[in-house]
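Let me begin by presenting the structure, written as structure tokens, before commenting on it.
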2 protein chains.
Amino acid sequence: MAEKLDEMDRRILRALQIESSRSQRALAEDVGLSQNALWRRLKALETSGVIKGYTARLDREAAGASLVVFSMVKTRRHSADWLRSFRAHLESIPEVVSLYRISGDFDYMLKIVTHDIAGFDRVYQRVTEKLELEAVTSYFAMEAMIEDRPIPL
Amino acid sequence: MAEKLDEMDRRILRALQIESSRSQRALAEDVGLSQNALWRRLKALETSGVIKGYTARLDREAAGASLVVFSMVKTRRHSADWLRSFRAHLESIPEVVSLYRISGDFDYMLKIVTHDIAGFDRVYQRVTEKLELEAVTSYFAMEAMIEDRPIPL
DNA sequence: CCTGAAATCTTACGTAA
DNA sequence: TTACGTAAGATTTCAGG
């Protein structure tokens with residue numbers, strides 16, 4: 001399950017991150033394998049969990065999600081129990097698309113995606129109402145210059 | 001090209017963001033359409049650009065990209081020319097997976113994904129060498145609690 | 001709803017590193 | 001041993017009519 005990826009695997013993953021809807025034949029030709037060999041590697045990568053699934057890449061704005069906000073959060077409490085409910089609370093809010101525990105003068109960093117300011121405000125209320133936070137600093141994205149590029153391999 | 005999405009479209013997009021590799025039949029059944037009707041909507045969503053493509057969802061750690069860093073950047077210069085070269089420079093660095101122009105006491109926010117600290121340091125050098133930056137504050141992700149969830153629709 | 005064409009999945013066997 | 005190639009067939013899905 002934890003075999004290391006070789007160069008061929010990385011080539012396949014790179015191609016799949018760019019466009020996964022191409023036929024196995026075309027993909028196989030690109031990376032330099034037969035369709036059959038590619039199929040076997042694909043299956044291995046899927047069952048080992050390196051490939052978690054396949055998803056549609058959407059135009060965020062066209063999908064009506066125009067606003068991106070990054071919120072840096074400093075918390076007041078740090079017990080295991082509190083942390084659990086903190087995580088559960090944020091998981092219940094779909095607009096919180098990312099949550100990282102970070103180093104530095106803040107404890108967590110949230111990426112929030114909504115339709116507009118009003119939507120963000122509702123999320124903000126929901127985030128803060130239930131949790132005792134010491135400080136929240138929000139950075140509004142004015143422009144997405146590079147957005148969610150492939151994981152570098 | 002700019003027709004609004006109706007509830008059925010959103011249902012389809014929601015399903016596709018969760019798992020796009022399922023058959024049109026299964027998908028159609030889920031959202032309450034015939035395979036044929038789904039196919040027409042899919043084609044429309046693809047040609048209108050709402051769906052930009054399809055991609056494999058990878059396990060970042062398993063793919064060997066263990067380190068995530070968010071860097072807040074304050075710039076010294078702001079001319080159109082400089083901005084162009086700033087963008088081009090960062091686009092040339094694949095480890096910079098996101099770049100947003102933001103409001104607040106910083107000008108830009110970078111998301112950088114690398115294998116380890118050494119890799120991050122190389123990227124950091126590359127980012128800062130060519131550009132006159134006033135300040136850079138980096139937050140290292142200690143733990144990814146929620147990562148890149150679907151765009152809320 | 002129906003269908004021809006295409007793609008996927010699977011097995012089997014021979015070969016090369 | 002481990003991975004690859006070819007080949008061929010069964011099955012499923014696609015892309016429309």
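Residue numbers begin at 1 in each chain, while the letters A, B, ... track the order of the sequences. Bear in mind that the values here come from a model prediction, so they are computed numbers and not experimental data.
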Check your understanding: Which part of the nucleic acid, if any, lies within contact of A:Arg41, taking any heavy atom under 4.0 Å across all strands shown: a base, the sugar-phosphate backbone alone, or nothing?
Key -> sugar-phosphate
Polar pairs (N or O, both sides) under 3.5 Å between protein and nucleotides 2-6 of chain C?
none

Practice item. Please list, in 5' to 3' order, the outermost nucleotides of DNA chain D lying under 4.0 Å from any heavy atom of chain A. Key: D:dA3 to D:dA7
Check your understanding: Excluding sequence neighbours, so at least two apart, what forms side-chain hydrogen bond (donor to acceptor under 3.5 Å, both in side chains) with A:Arg40?
Key -> A:Asn36
Practice item. Scan for salt bridge (charged side-chain N to carboxylate O under 4.0 Å, His left out) pairs involving residues 63-75 of chain A, sequence neighbours excluded, and state none if there are none. Key: none
Exercise for review: Only pairs at least two apart or in different chains count here, so list each ring-ring contact (aromatic ring centres under 6.0 Å, His included) that has a residue in residues 21-71 of chain A.
Suggested key: A:Phe70-B:Tyr100
Check your understanding: Tell me: CG of A:Leu42 to C1' of C:dT10, nearest whole Å?
Key -> 15 Å
Exercise for review: Name every residue in residues 6-23 of chain A that has at least one heavy atom under 4.0 Å from any atom of DNA chain D, in order of residue number, or write none if there are no such residues.
Suggested key: none
Practice item. Keeping to residues at least two apart or across chains, list the salt bridge (charged side-chain N to carboxylate O under 4.0 Å, His left out) pairs with something in residues 119-130 of chain A. Key: none
Revision key, fill the gap. Quick note, salt bridge (charged side-chain N to carboxylate O under 4.0 Å, His left out) partners involving residues 101-115 of chain B, not counting sequence neighbours, are A:Glu143-B:Arg101, B:Lys111-B:Asp148
Practice item. Identify the two heavy atoms, one from B:Val113 and one from B:Arg60, that lie closest to each other, and give their separation to 0.1 Å. Key: CG1-CD, 4.1 Å
Review point. Distance check: side-chain N/O of A:Lys43 vs OP1/OP2 of C:dT8, anything under 4.0 Å?
Key: no
Revision key, fill the gap. Contacts satisfying ring-ring contact (aromatic ring centres under 6.0 Å, His included) that involve residues 78-97 of chain A (not counting sequence neighbours) are A:Trp82-A:Phe86, A:Phe86-A:Tyr108
**Study point:** With A:Glu19 via salt bridge (Lys or Arg N to Asp or Glu O under 4.0 Å) - residues at least two apart
**Key:** A:Arg57
Review point. ring-ring contact (aromatic ring centres under 6.0 Å, His included): which pairs involve residues 133-153 of chain B, sequence neighbours left out?
Key: B:Phe120-B:Phe140
Exercise for review: Measure the distance from CD on A:Gln24 to C1' on C:dC9 and round it to the nearest whole Å.
Suggested key: 8 Å
Practice item. Starting at atom CG of A:Leu27, determine the distance to atom C1' of C:dA7, rounded to an integer number of angstrom. Key: 13 Å
Revision key, fill the gap. With sequence neighbours left out, the residues meeting salt bridge (Lys or Arg N to Asp or Glu O under 4.0 Å) with B:Glu134 are none
